[in-house]
Each structure stands twice: as structure tokens, then as C-alpha cells.
Amino acid sequence: MAKKIMIQGTMSNSGKSFVTAALCRILKQDGYRVAPFKSQNMALNSYITKDGLEIGRAQAMQAEAAGIAPTVDMNPILLKPTSQMGSQVIVNGEVFGNLRAMDYYRRKTEFIPAVREAFERLESQFDAIVLEGAGSPAEINLRDNDIVNMGMAKIANAPVLLVGDIDRGGVFASLYGTVSLLEPEERARIKGLVINKFRGDVKILEPGLRMIEERLHIPVVGVIPMEQIDLDDEDSLSDRLVRTEVQEGLDVAVIHLPHISNFTDFNALEHYDGVSLRYVDRAAHLGRPDLILLPGTKNTMADLKWLRESGLEAMIQRLVEEQKIPVIGICGGYQMLGERLLDPEGVEGEPGSTMRGMGLLAAETVFAAEKTRTQTEGTVLAAAGYYGKVTGQSVTGYEIHMGETFQTQKNITPAIRLADGRMDGFVRSDGLVFGSYLHGLFDNLEFTGAILTQLAEKKGISLTATAKSMEEYKESQYDKLADLVRRSLDMDAVYKIMKEYES
Ligand SMILES: NC(=O)CC[C@H](N)C(=O)O
């Protein structure tokens with residue numbers, strides 16, 4: 001029987017995925033074969049496993065922390081919110097369909113077997129499983145047929161650590177309130193309280209800890225200080241998006257589309273001292289960046305409409321054509337760069353709808369019901385402009401898209417030759433406009449470094465990379481995370497709690 005522990009939070013963003021990742025790393029360091037599990041994730045930031053199945057990014061990150069390859073069993077249900085249609089529901093890594101929130105909620109029991117089976121498969125392969133809940137277990141309106149919090153803890157027979165966020169205030173009330181709203185049987189599963197994101201002197205906190213322990217009869221097993229650790233999860237997105245100001249150095253602007261997906265695509269650009277990466281969601285903030293990045297989006301057509309109405313489209317077109325500022329579009333952002341978008345089957349909007357693109361790339365995109373989901377590798381073919389320095393380089397990435405993009409005129413050439421024989425993306429003959437379906441393209445630091453260095457030279461500044469590869473960088477962050485949590489959590493108590501449920 002595997003050891004199990006479940007991390008639940010008093011609210012969203014309390015740091016559950018962070019604590020889950022930390023425990024995965026610590027257990028790995030202590031010699032266990034450990035895997036993360038979250039029955040249902042709601043996120044637009046997803047990951048494609050080796051066998052081409054789609055799961056939430058947070059579980060892929062936690063698997064990395066655990067030193068294992070991410071598999072679909074770690075996140076059997078993924079909800080990807082799209083605008084008009086509710087969410088695209090992914091079950092066992094494949095599209096189940098689009099469901100409105102109410103319909104999903106009504107049909108939730110249908111998904112219980114998938115969740116249970118995925119968990120059992122995982123449990124049979126590992127020594128330990130760290131489960132993560134979602135939102136708060138005290139959402140009393142959602143309690144029936146719950147499969148993400150206490151319902152899941154019961155299916156797995158896992159003890160629970162409840163994490164509260166002290167940074168947002170009211171941590172004692174939220175811990176007390178959450179526990180009080182639970183049924184006695186659920187309450188009994190909470191074996192420890194964790195206070196997360198603490199700044200200041202623990203001595204001042206100490207009396208409060210004793211009082212909450214007395215009232216709830218649950219021990220506080222840790223107080224985790226606030227520390228900057230760079231992990232690929234949803235919470236890190238909110239920290240990143242506040243960076244909107246132009247800073248010194250090479251100014252790289254990511255357009256913050258409303259349905260931005262796979263925002264982790266741009267994290268790699270932060271590994272260069274001298275690059276200032278910022279997110280722009282309104283025309284007044286665009287300014288004159290040195291490089292413009294258009295990210296992927298779950299809904300290309302809706303986000304293009306937003307781009308047009310916000311005035312950003314016209315500004316980007318002018319910056320590219322008049323000021324010769326380069327733009328790179330990834331996936332949905334690449335699709336926007338073209339001349340036209342066609343949706344005959346109604347994948348993104350009304351069936352048969354068409355839309356004018358930004359017209360920066362002589363290409364058009366047709367959406368199809370079939371989803372392309374694969375890890376990919378290839379060789380850069382692009383040679384125009386800044387890409388002369390990266391021609392012939394090998395790159396890896398992953399694809400998640402419904403659209404296919406075709407050339408309409410001769411002034412563009414394929415960007416990347418893929419190992420499976422397909423061509424990906426296009427570059428315009430003047431080298432200013434580049435589009436590709438490859439998420440993770442910038443994680444190829446040789447590629448990214450070469451492009452950024454040329455832009456920096458043009459501006460007369462120098463850049464230095466902080467790590468040799470993204471893997472090396474991420475490994476260092478996971479170790480830093482494990483150190484922090486080992487120092488602040490009573491691991492002996494945690495092991496004891498796991499042992500009690502090990503049968
Ligand atoms: N990940 C993306 O950017 C997806 C782009 C677009 N919505 C598609 O499905 O083709």
C-alpha cells in the first residue's frame with residue numbers, strides 16, 4: 001500500500017500546488033518513488049505527456065519535482081475554460097467535449113470511475129502519492145458528489161493537511177471556518193494545519209498557533225515563510241502578470257490575451273539578466289518594446305477581437321511595419337498573425353464563421369474538430385533576419401491546437417522542419433514576423449539566447465544567462481523549495497500521519 005497525503009487549502013491560491021511539489025521533492029530526496037495526483041484541475045496551462053495526452057501543468061511540474069515523467073493518471077480531469085461554451089472537458093488526456101459549468105456539475109458522477117481508476121493505477125506503481133485538492137473543501141454548495149477535495153480524500157483514504165495563506169490575512173478565521181463547515185467525518189481527516197506565505201517573526205505568531213490548536217484539536221505542523229521560488233504553476237502567473245512596467249534592459253512585451261494559454265512559454269526569457277519581460281493588456285502600456293510576443297490562446301478568434309478592439313492590433317502592425325520591431329507568435333498568437341481564420345465546424349465560435357487576421361503573415365488558419373496533441377522535435381529552417389543565427393538548430397516543444405495553418409503567398413517560408421516530416425510555422429522574408437505552433441520553443445535556450453543576444457547587441461546592452469538549461473534551472477528551484485519546506489514543516493509528524501493511513 002502506498003503512503004498518501006492530501007494537501008487541501010482554505011482558498012484558491014493558498015499555495016497547495018507549491019506544498020504538493022515540495023512534498024514530492026522531499027519524499028524523492030528521502031528515497032521514495034513518489035507521484036503527484038489532482039483529480040480535477042481547471043487551467044488553460046496544460047502539458048502534453050510522452051504519449052500525447054493532456055494534463056494540467058501543475059501536475060507536470062510536481063512530477064518533475066518528484067523526478068519522474070508526467071503521466072495522464074496524475075490528472076485525469078482537466079477543465080479548460082473557453083468563453084461562450086463553458087469548458088473543454090479533458091478526461092484521461094483526451095477531449096470529452098465542451099460542457100457548460102452546470103452540465104459538468106450535473107454529470108460529475110459519470111467521471112468518478114475515471115478518477116478512481118487513475119488513482120488506483122498510480123497507487124499501484126508508486127511508494128507514495130501526494131494528492132492536491134482544489135479551491136476549498138468548505139464549498140458547501142459543491143459538496144455533493146465531490147471528487148476533488150474531501151470526496152477524493154475518502155476515495156483514496158488519505159489524511160489531509162490544510163493550508164492557509166497568512167499573507168492575505170484572516171488565516172486563523174479561514175482555518176477555523178473551513179474546519180467548522182466540514183462534516184465530523186471529514187474534519188477527522190485533517191491531521192495537520194499549515195500556515196503558508198509567512199513574513200515576519202514566528203514568535204509573534206506562536207500564541208495564535210497554540211490557540212488554534214486548542215480550538216480545533218488539530219496540530220499546526222508547519223509555518224512556511226514567503227520566499228521567491230520560480231515554479232510553473234498558475235499562482236506564478238498571477239505574480240508575473242503584475243509586471244507591466246518597462247524596466248531597464250531589453251524590453252520584451254508579451255501581449256496578455258484574455259484566454260492566454262501556456263503562459264510558461266515565456267518564463268525562459270527571464271533567465272537572462274538584462275531582459276525585462278512584461279505583460280501588456282492595454283494599448284497605453286505597449287510603448288516601443290524591442291520584441292513583441294503573442295502567446296497561445298484557448299480562443300484565438302475571441303482574443304483577436306479583443307486585440308482589435310483594444311487598439312493593440314493596430315499598434316503592433318505599426319510597430320512591425322514602420323519601426324521594424326520583430327514579433328513572434330506562438331500557437332494561437334501565430335494563428336492571429338495570418339490573413340484569415342476560418343471555423344467551418346464551429347470549434348471556436350459559430351460554425352462557418354470567418355475572421356480577418358492581423359495580416360502580418362501570408363497564411364490562413366482553419367480550425368478542425370481534431371486536436372493535435374504531441375511532444376515535438378525539429379530543426380529550424382528559418383534563415384531570414386534574426387533567424388540566420390539559429391538555422392539548423394535542433395529544437396523541442398509540444399503542440400496543443402485544433403487549427404492548421406496554410407501559406408497563402410510566396411513571401412513566407414516554413415520555420416521548422418519537424419522530425420515526423422511535417423513543417424511547422426512560417427517566417428516572413430524580412431525576418432520580422434515569425435509564427436510557430438511549438439509551445440516551449442523558448443525553453444531551447446540556444447535558440448532563445450541567439451535571438452535575444454542579437455536584439456541586445458542592436459540596443460548596445462549585454463545579456464547573461466543564469467543557467468545552462470531550463471532543466472538545470474528548474475532542478476535548482478525544486479531543491480530550493482524542498483529546503484524551505486523541510487526547514488518549516490515537521491516532516492517527522494508528516495511521516496507519522498502518512499503511516500497511520502497506510503493500510
Ligand atoms: N494553445 C493554443 O494556442 C490553441 C490555439 C487555438 N485556440 C487552437 O486550438 O488551434
Side-chain angles (χ1 to χ4, degrees), residues 41-49 52-57 60 78-90 93-98 232 234 237 254-267 279 292-307 327-351 353-355 357-358 361 363-376 397-406 415-416 422 424-426 434-443:
N41 204 341
M42 184 182 260
L44 279 184
N45 197 13
S46 57
Y47 175 90
I48 300 296
T49 64
L53 298 168
E54 191 170 8
I55 61 168
R57 189 96 205 158
L78 176 64
L79 305 177
K80 300 184 81 175
T82 52
S83 60
Q84 312 95 327
M85 296 172 277
S87 282
Q88 184 179 56
V89 179
I90 315 272
E94 299 190 59
V95 178
F96 174 86
N98 284 311
D232 280 358
E234 294 293 318
L237 173 64
V254 179
I255 306 301
H256 179 199
L257 300 170
H259 300 91
I260 183 170
S261 55
N262 298 86
F263 60 86
T264 42
D265 279 352
F266 309 107
N267 294 0
Y279 288 81
I292 301 168
L293 300 174
L294 275 170
T297 150
K298 188 79 196 88
N299 197 325
T300 309
M301 286 166 114
D303 282 5
L304 177 57
K305 185 164 178 279
W306 169 87
L307 194 76
V327 59
I328 300 178
I330 300 293
C331 203
Y334 160 42
Q335 295 170 338
M336 287 181 187
L337 291 171
E339 289 165 343
R340 225 155 53 113
L341 298 136
L342 300 100
D343 190 9
E345 297 174 46
V347 171
E348 295 225 332
E350 285 301 307
S353 51
T354 63
M355 195 173 176
M358 296 174 78
L361 211 51
E364 62 182 28
T365 295
V366 182
F367 295 103
E370 187 74 26
K371 192 169 190 170
T372 304
R373 279 186 332 244
T374 175
Q375 289 191 1
T376 326
Y398 60 100
E399 296 175 61
I400 314 173
H401 54 99
M402 317 280 280
E404 294 292 330
T405 304
F406 306 95
I416 298 164
R422 291 177 299 140
D424 166 71
F426 288 107
F434 181 104
S436 164
Y437 273 113
L438 291 205
H439 291 291
L441 183 60
F442 297 112
D443 288 356

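For reference, positions follow the sequence shown, starting with 1. Note that the structure is predicted; figures quoted are calculated from it, not measured. First listed ligand is number 1; within each ligand, the first listed atom is number 1.
When side chains are defined from C-beta on, T300 does not count as touching T365, because their heavy atoms never get closer than 4.5 Å.
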Candidate pair E399 and T376, rule side-chain hydrogen bond (donor to acceptor under 3.5 Å, both in side chains), full reasoning: CA-CA 7 Å; E399 296 175 61; T376 326; 3.1 Å; yes
Worked verdict on L361 versus Y334 for side chain to side chain contact (heavy atoms under 4.5 Å, CB included): CA-CA 9 Å; L361 211 51; Y334 160 42; 3.9 Å; yes
Between L44 and I260, does a side chain to side chain contact (heavy atoms under 4.5 Å, CB included) hold up when you go through it step by step? CA-CA 7 Å; L44 279 184; I260 183 170; over 6 Å; no
Between M402 and E348, does the side chain to side chain contact (heavy atoms under 4.5 Å, CB included) criterion hold? Intermediate values first, please. CA-CA 9 Å; M402 317 280 280; E348 295 225 332; 6.0 Å; no
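Checked by distance only, ligand 1 and G296 stay at 3.5 Å or farther apart across all their nitrogen or oxygen atoms. Polar contact with ligand 1: absent for Y437 (N/O pair, distance under 3.5 Å). At least one N or O atom of T297, backbone or side chain, sits closer than 3.5 Å to an N or O atom of ligand 1. Ligand 1 has no N or O atom lying under 3.5 Å from any N or O atom of C331, backbone or side chain.
Ligand 1 has F367 within reach: a non-hydrogen atom of the residue lies less than 4.0 Å from it. Note on ligand 1: E348 sits in its first shell, one or more heavy atoms being nearer than 4.0 Å.
Of the heavy atoms in H439, only side-chain atoms (C-beta onward) come closer than 4.0 Å to ligand 1.
Close approach of ligand 1 to S261 (heavy-atom distance below 4.0 Å) involves ligand atoms 1 (N), 2 (C), 3 (O). When each atom of ligand 1 is checked for a heavy atom of G403 under 4.0 Å away, the hits are 8 (C), 10 (O).
Residues H401 and G403 approach most closely at ND1-O, 2.7 Å, considering heavy atoms.
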